[in-house]
Colleague: 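Below is one structure. I have some questions about it.
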Amino acid sequence: MADTSLLADSAQVAGFDWSFFWHYLISPSGTFLEGLWRTVYISVVAQALGVLLGLVIALAQRSRFAALRWAGGAYVWLIRGTPLLVQLVLVYNGLAAAGVYRFTDVQVGGLVLLGVVQAAVLTLAVNEAAYMAEIIRAALDAIDRGQTEAAQALGMTPSLTMRVVLLPQALRIIVPPLGNEFNLMMKSTSLLSVIGLQEMFLTAQSINSATFKTFEIFLVAACYYLALTTVWSFVQRFIERKLADPGNTPPPGPSLRERLVGGRGGPAPRGTAVVGKEPTLAGREAS
């Protein structure tokens, strides 16, 4: 009994309510779970649209028409040069204030798509497209030009060459940065609170206003963001392994424990070539 009182006094002195923290971490409210679900599906839809739009912009930047190249470059320059927070306010509040367009709720079947969700997905997708365009363009540029020349020699049209020859090879280069972009997308959804979208961050802010448990509830939100990004890291690693070239498979990367703790746990095996040094026969000294 004395130990229990001592622990309670210590928690009170520290100003941290452990019971509140564990309660919302293990059994969050329905409102919090709804905000979590919005964070997930908005991230997925916005990323998918951003990849598709980014592909179009990347192809425009590689076009033989100067107008398309200029338009693609201007788009990337404009979007990457302005903050996402400013873009959100301009799209949702600015367009309505200027009388250009006001996002209203739309009913699709039995579902109601909120106007603020439409603005959020649109802005996130448009912002992401600028970054994905550069990633896709760089991946396509990294492919040997001889691949295109060989496809042309076989009589393939440019669209068929892009679809059958170039994009499958570029996909292996695109996936790692694409995974990082989606990781950032999930965390960027916290900015949607500025336009009043009740995602996970704004839900946590509402709970904080009612309970005044600031540190506890935002620490819970941080744990859930960390859980989302950690799960995605495993999914990304699985996709990378599936897309890896079987004839040029790199050595296995560090495990999750090694990435968290650091180090690879010992020297390289005998006979392993070291990048940056002169190659030698395995198990023999250079003469």
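Given the structure is predicted, the values throughout are model-derived calculations rather than measurements.
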Colleague: Check whether any side-chain heavy atom of V231 sits under 4.5 Å from a side-chain heavy atom of L228, and report yes or no.
Modeller: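 A side-chain contact under 4.5 Å is absent here.
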Colleague: Are Y92 and L124 connected into the same hydrophobic cluster when the rule is that any two of I, L, V, M, F, W, Y join if their side-chain heavy atoms are below 4.5 Å apart?
Modeller: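 Yes, it is one cluster - the side chains of L124 and Y92 are joined through contacts under 4.5 Å.
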Colleague: Give the ring-plane orientation class for Y24 versus F20, where under 30° counts as parallel, over 60° as perpendicular and anything between as tilted.
Modeller: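 Judged by the thresholds at 30° and 60°, the geometry between Y24 and F20 is tilted.
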Colleague: Hey, quick one: are V45 and V108 part of the same hydrophobic cluster, counting side-chain heavy atoms closer than 4.5 Å, chains of contacts allowed?
Modeller: no
Colleague: What is the ring orientation for W232 with F182, classed by angle as parallel under 30°, tilted 30 to 60°, or perpendicular over 60°?
Modeller: perpendicular
Colleague: Between E216 (side chain) and D17 (backbone), is there a donor-acceptor pair under 3.5 Å?
Modeller: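 Confirmed, E216 side chain pairs with D17 backbone.
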Colleague: Hey, is CZ on R69 packed in by over 12 heavy atoms from elsewhere, all under 6.0 Å?
Modeller: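 More than 12 within 6.0 Å, yes.
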Colleague: Determine whether the aromatic ring centres of Y75 and W77 lie less than 6.0 Å apart.
Modeller: no
Colleague: Say whether S206 and Q198, considering side chains only, have a donor N or O and an acceptor N or O under 3.5 Å apart.
Modeller: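 Note: S206 and Q198 side chains meet the donor-acceptor criterion.
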Colleague: Verify the distance criterion only: is there a donor paired with an acceptor across the side chains of T82 and Q87 at less than 3.5 Å?
Modeller: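 Note: T82 and Q87 side chains meet the donor-acceptor criterion.
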Colleague: Would you call the rings of F103 and Y101 parallel, tilted or perpendicular, where under 30° means parallel and over 60° means perpendicular?
Modeller: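 Taking Y101 first and then F103, their aromatic rings stand perpendicular (interplane angle over 60°).
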Colleague: Between the side chains of E134 and R137, is the shortest nitrogen-to-carboxylate-oxygen separation below 4.0 Å, so that they form an ion pair?
Modeller: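 Yes, charged N to carboxylate O under 4.0 Å.
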